[in-house]
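To start, the structure itself, in structure tokens.
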Amino acid sequence: MNATQVDLSVKVGKLELDYPTFMGSGCYGSGEEFAPFVDLARIGAVVLKSVTRLPRLGNPTPRLVHTPAGMLNAIGLQNPGIEWYLEHDVKKFAERPCAVVGSVAGFSVDDYAYTCERLAARDEIAAIELNISCPNVAHEGETFACDPNLTANVVRAARATTDKTLIVKLSPNVTDIAGIARVAESAGADALAVINTVRGMAIDVETWKPRLGNVTGGLSGPAIRPIAVLAVYEVARAVKIPIVGQGGIETTSDALEFFLAGASAISIGTGNFTDPRIPVRIADELAAYLAARNVASLRQIIGKANVGFANPYQYEGDEG
Amino acid sequence: MNATQVDLSVKVGKLELDYPTFMGSGCYGSGEEFAPFVDLARIGAVVLKSVTRLPRLGNPTPRLVHTPAGMLNAIGLQNPGIEWYLEHDVKKFAERPCAVVGSVAGFSVDDYAYTCERLAARDEIAAIELNISCPNVAHEGETFACDPNLTANVVRAARATTDKTLIVKLSPNVTDIAGIARVAESAGADALAVINTVRGMAIDVETWKPRLGNVTGGLSGPAIRPIAVLAVYEVARAVKIPIVGQGGIETTSDALEFFLAGASAISIGTGNFTDPRIPVRIADELAAYLAARNVASLRQIIGKANVGFANPYQYEGDEG
Amino acid sequence: MLVGLHAPELVRVTRPGHFAMVIPPSGERAATALGIYEAHGERASLLFFEVGKRTRELGSLKIGDQLGLLGPLGNGFTLGQARNVAIVAGGVGIASVLLPAQAALAAGARVRLFYGARTKELLVERERFANEGCEVLVATDDGSDGHRGYVTDLLANAHDKPDLILACGPTPMLRAVARVAGEINVPAQLSLEETFACGVGGCWGCVVPLVRTSAQAPSFPPAERQGSDVVYARICKEGPVFWAHELRW
Amino acid sequence: MLVGLHAPELVRVTRPGHFAMVIPPSGERAATALGIYEAHGERASLLFFEVGKRTRELGSLKIGDQLGLLGPLGNGFTLGQARNVAIVAGGVGIASVLLPAQAALAAGARVRLFYGARTKELLVERERFANEGCEVLVATDDGSDGHRGYVTDLLANAHDKPDLILACGPTPMLRAVARVAGEINVPAQLSLEETFACGVGGCWGCVVPLVRTSAQAPSFPPAERQGSDVVYARICKEGPVFWAHELRW
Ligand SMILES: Cc1cc2nc3c(=O)[nH]c(=O)nc-3n(C[C@H](O)[C@H](O)[C@H](O)COP(=O)(O)OP(=O)(O)OC[C@H]3O[C@@H](n4cnc5c(N)ncnc54)[C@H](O)[C@@H]3O)c2cc1C
Ligand SMILES: Cc1cc2nc3c(=O)[nH]c(=O)nc-3n(C[C@H](O)[C@H](O)[C@H](O)COP(=O)(O)OP(=O)(O)OC[C@H]3O[C@@H](n4cnc5c(N)ncnc54)[C@H](O)[C@@H]3O)c2cc1C
Ligand SMILES: Cc1cc2nc3c(=O)[nH]c(=O)nc-3n(C[C@H](O)[C@H](O)[C@H](O)COP(=O)(O)O)c2cc1C
Ligand SMILES: Cc1cc2nc3c(=O)[nH]c(=O)nc-3n(C[C@H](O)[C@H](O)[C@H](O)COP(=O)(O)O)c2cc1C
Ligand code: FES
Ligand code: FES
């Protein structure tokens with residue numbers, strides 16, 4: 001088989017994409033910023049920076065720190081608020097040669113529903129991602145995605161406002177992500193984004209101050225990839241809706257781990273800061289990988305990680 | 001001040017150590033394995049590989065995989081069981097020129113109590129670490145450290161068996177580690193080890209099989225350091241007992257982050273696989289660091305991270 | 001370390017004060033922001049100290065290696081009609097000020113370089129600036145060369161008042177330049193440094209507070225809608241060069 | 001890549017089949033297990049392909065750089081009274097078999113090297129073995145040199161039966177060697193490869209199942225207490241060399 005014959009298209013809710021690549025919210029501006037370096041027609045979708053009901057200045061600086069094979073960020077959802085956004089920004093998104101997914105954040109169920117409804121009503125927006133898992137704004141780590149009841153309420157409320165594809169973004173900072181995933185599915189999510197950043201902190205040992213103005217931040221990049229692959233694997237076994245896998249994807253091999261674990265699409269965030277050509281390279285190499293194995297469509301390998309290990313030997317204590 | 005005048009000694013429960021460095025359970029054998037390369041008299045304590053009531057063959061292979069700035073392991077508590085261990089292994093520990101801390105794992109409250117009592121009774125063992133957070137043996141990620149009630153029961157039972165220092169090792173794979181820490185403190189823990197490994201997974205994209213025989217494993221190394229620093233920081237604000245901070249420590253600067261976040265001692269696991277000289281280098285450099293700042297004792301900097309940030313500017317939405 | 005690049009396309013569009021995001025040869029680390037030091041004909045160059053993982057990796061490049069970079073990026077220095085330009089560089093800040101020095105000299109202006117570093121050995125490339133036609137005044141923290149103390153002392157005490165100050169260096173130095181510029185009442189442009197992630201305006205990680213009246217951050221709601229006259233502008237996109245008086249440090 | 005080391009102390013205690021844990025120059029990665037290729041006088045050497053992050057980093061070392069390593073480690077090959085030794089090497093496994101070849105030759109044995117690789121270019125150092133006095137037979141997967149196919153085909157079809165087989169290479173090759181050795185009834189020692197963490201027996205990450213009767217894992221409870229006659233032995237400590245018939249693959 002020839003790589004050009006391979007079908008990389010995926011379906012995420014009602015969203016039909018030629019390429020299985022999302023660009024992670026908050027990492028890719030509105031796509032325009034990266035357009036000089038990447039052909040946006042060769043990516044699946046840009047997920048916009050999360051927007052809130054009211055304008056937010058965001059967190060004090062510094063907002064970024066590099067860590068081993070990753071980074072911490074604490075942007076704090078800087079954004080102009082939904083009104084200004086609808087008036088000034090959204091119309092430009094129609095120019096993008098890829099799908100544009102709006103991202104909505106908030107601080108109450110009402111906030112989410114309001115912002116979601118206003119944004120989803122716009123033609124320029126193909127789908128909505130509900131960011132209920134931003135680790136940089138909530139108090140004491142209590143985000144919506146850390147509590148099953150809050151998750152159910154906020155997803156149900158957002159669901160009621162639109163028929164467009166609703167992707168709910170989950171947090172890894174929980175004891176049981178599969179349980180939260182089930183709740184989000186029952187409450188009406190069309191798809192799940194797995195995972196948002198992992199909570200972390202770094203301290204400057206010269207000044208004794210936290211390296212982030214917000215004290216704590218969200219860890220992303222290759223460092224968290226094993227955590228994300230497992231989260232996708234567990235969530236895929238718990239729900240029937242598609243998953244947009246993310247966390248540290250930089251190479252085709254990384255992307256394949258997520259597909260095999262059960263993701264229907266992948267998202268690249270921090271990887272774009274290493275090299276903006278990554279999404280296009282992954283699309284090309286995925287096609288070659290599948291062609292070399294005579295697999296006609298990417299969809300055929302989703303969730304196909306083979307865990308049929310036998311454990312041939314055991315002692316009494318191993319049953320423990 | 002001269003580096004030789006700096007006091008690096010720490011107290012963890014009743015354990016008084018000249019150096020604030022523990023060698024992480026499961027990473028350092030019984031110390032003997034590293035003795036050809038490191039002067040064990042220059043470290044604080046070796047935490048032994050966890051032992052269980054019955055012998056365990058452990059997990060099928062492969063058990064290790066390298067990941068960006070870290071590694072996944074799934075050893076599965078291979079050990080000869082407490083009877084054999086007491087009979088054949090423990091007496092050799094008396095030769096070590098550093099403190100030897102026993103580590104106890106189990107599958108029921110009774111297991112823990114039994115093994116803890118037997119081990120703690122031995123003079124060669126200076127203290128007990130209760131490993132209630134091994135991610136590689138429990139079903140569906142349900143380890144004792146993921147549930148406040150189980151934590152309370154197992155710590156209380158172990159506490160009743162010994163007066164020796166009892167260190168309880170916590171899992172980062174929870175929504176609220178500070179809450180679990182409070183429970184462990186109330187149940188009688190003398191100290192807390194923060195953190196055990198983070199659950200993760202890697203998939204071989206050639207064979208489509210998980211890279212670990214156990215499918216999932218525990219992530220350690222520099223990749224998880226920001227997660228561990230935050231965990232220590234949050235736990236230190238929740239409890240009064242000392243914390244043994246761990247997760248990705250390789251350098252003196254890494255160690256200092258943990259002390260400033262609130263750890264009374266640090267533990268080095270995966271770092272020993274990068275370079276076994278790390279613990280001794282850290283002791284030397286800690287002394288120099290403190291001397292250069294005219295700090296007479298390491299204890300003076302514990303928990304001194306300065307989080308007095310002002311947030312000078314705000315918009316309406318920032319209060320959200 | 002000075003890395004020369006065969007990059008005619010880059011040279012063609014580079015203006016003084018521009019920077020580039022240099023793609024790490026081996027992944028797992030964010031790209032590195034580096035000022036464009038030289039840009040002439042087919043050759044551009046990058047100047048950096050090997051201080052951390054990424055710059056050390058760049059330092060191990062061999063002649064003939066390919067290097068990916070995004071650039072030129074950002075808004076650079078504007079010389080306007082300046083006739084007497086003072087350039088203040090601290091440490092590796094020197095990497096961003098050769099191009100503006102050359103441009104000012106080419107326009108016939110007098111150019112003084114006030115150049116500070118911790119110690120003599122770190123005063124790299126000073127002959128280069130002298131050869132280009134700059135007057136070079138140096139300061140070192142340890143007094144191993146030139147004035148012992150801050151480079152801003154030299155600026156504050158300079159007899160002949162410049163009509164424009166351009167500066168690049170560590171933030172404490174830039175704050176001092178801003179203060180001195182205010183005292184002697186000379187407009188100053190500062191090239192700021194901050195940890196970058198994307199470098200192209202996509203992540204809002206590299207911001208600095210500006211007075212909102214600035215035309216440099218137009219795509220944000222006006223002050224009266226915010227309850228604050230401050231806006232966080234992106235150093236990589238709206239900067240890295242800002243007028244000192246617009247900063248709300 | 002062949003890295004020569006000035007390491008007289010290491011040479012003194014190195015025996016055939018020993019390996020070393022090489023400390024990464026820049027942290028953040030586990031040490032790398034590498035066989036000790038040469039050990040003579042004051043000079044030892046390491047032979048490796050630059051396949052991943054750590055070996056690439058080692059490959060960028062310059063002459064004069066210092067390199068930390070732990071070693072020699074493990075239990076190596078034992079030649080006993082063997083007069084006719086067949087050494088089977090696959091790919092970079094060649095790095096662990098020069099010392100046993102030299103030892104066997106020095107003891108007056110006949111030594112044949114059965115050397116396989118994917119393709120001709122990967123058959124490194126074959127002249128070296130010939131110069132030492134080995135008969136060299138090669139196989140490549142693509143037939144670009146010698147037999148087209150597996151190196152174990154050559155071993156199975158060899159006319160003159162060896163009295164000892166030593167092998168190092170990828171696990172599938174070692175399994176084939178074990179099978180052939182069983183068929184032709186010749187004892188075989190295999191040097192196993194597995195991902196290592198500590199390399200010194202401290203983490204139990206690198207295990208392989210052995211029949212429990214083995215004297216190689218003495219510090220473990222006897223079979224009757226386990227309900228299993230298998231024990232997981234550490235490749236880094238009880239190995240890396242094991243008798244083929246003791247393995248429970
Ligand atoms: C717009 C812009 C332009 C820049 N231009 C240049 C340039 O032309 N040349 C250049 O060298 N750098 C320049 N920098 C800074 C450069 O991006 C950082 O120094 C670089 O990120 C270091 O990366 P690293 O991974 O090697 O070090 P990191 O691992 O990120 O840092 C290593 C350690 O070095 C310290 N450190 C960082 N910089 C210095 C320094 N200058 N001196 C001493 N210690 C330091 C850090 O605090 C840290 O502890 C620029 C930055 C910006 C934002
Ligand atoms: C006892 C022992 C002795 C060893 N002796 C040697 C030796 O003398 N020389 C030597 O080169 N290696 C030797 N190895 C193997 C060596 O330790 C690994 O190849 C090394 O860990 C690679 O590290 P890395 O970080 O560069 O690659 P990694 O990042 O760990 O791996 C990179 C990629 O390369 C693949 N890969 C690994 N090895 C090979 C290979 N040989 N060919 C093609 N692809 C490969 C991996 O599957 C992975 O996808 C030995 C291993 C053991 C256990
Ligand atoms: C600088 C930065 C800003 C981010 N902002 C947002 C955001 O506004 N909304 C959101 O849902 N996720 C946000 N994220 C999370 C990413 O979209 C992504 O889920 C996460 O970083 C993991 O993927 P990665 O490792 O590929 O970056 C942000 C991540 C980074 C690094
Ligand atoms: C190979 C390996 C084996 C481990 N085995 C144990 C164990 O038996 N008991 C335990 O409490 N922790 C065990 N751990 C966890 C470490 O003790 C340590 O808490 C963790 O790895 C984080 O620290 P680090 O990043 O410095 O390794 C193990 C870790 C590794 C890498
Ligand atoms: S670094 Fe991303 S916006 Fe500036
Ligand atoms: S690698 Fe640790 S026991 Fe072998």
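The chains referred to below are lettered A, B, ... by the order of the sequence lines, with proteins before strands, and numbering in each begins at 1. For the numbers below, each heavy atom of this structure counts, side chains included, while hydrogens, waters and symmetry mates do not.
- In this structure, chain B has a heavy atom under 4.5 Å from the side chain of A:Leu72, while its backbone stays farther away.
- Proximity to chain B is limited to the side chain of A:Arg293, based on heavy atoms less than 4.5 angstrom apart.
- Residue A:Val174 touches chain B through both its backbone and its side chain, counting heavy-atom pairs closer than 4.5 Å.
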Open item on the list: Does A:Asn306 form a side-chain contact (heavy atoms from CB on, under 4.5 Å) with B:Thr207? I'd like the steps, not just the answer.
Closed with: CA-CA 8 Å; A:Asn306 167 7; B:Thr207 63; over 6 Å; no
Open item on the list: Please determine whether side chain to side chain donor-acceptor pair (under 3.5 Å) holds for the pair A:Ser171 and A:Asn173, giving the CA-CA distance in whole Å, both sets of side-chain angles, and the decisive distance to 0.1 Å.
Closed with: CA-CA 5 Å; A:Ser171 168; A:Asn173 306 302; 3.2 Å; yes
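- The residue among B:Ile227, B:Thr52, B:Ile301 with the most heavy atom pairs within less than 4.5 Å of chain A is B:Ile227.
- In this structure, the portions of B:Leu256 lying under 4.5 Å from any heavy atom of chain A include both its backbone and its side chain.
- With a 4.5 angstrom heavy-atom cutoff, B:Ala261 touches chain A via backbone and side-chain atoms both.
- Listed here is the closest heavy atom pair of A:Glu250 and A:Gly271: CG-CA, 4.3 Å.
- Between the CD1 atom in A:Ile249 and the CD1 atom in A:Ile266 there is a gap of 4.5 Å [rounded to 0.5 Å].
- With A:Tyr233 contributing its side chain and B:Thr216 its backbone, the two residues share no donor-acceptor pair below 3.5 Å.
- With chain A as the partner, the residue from B:Gly200, B:Pro226, B:Ala223 showing the most heavy-atom pairs under 4.5 Å is B:Pro226.
- Taking the side chain as every heavy atom from C-beta outward, B:Ser220 and B:Thr197 approach each other to under 4.5 Å.
- Looking at A:Phe258, neither its backbone nor its side chain comes within 4.5 Å of chain B, counting heavy atoms on both sides.
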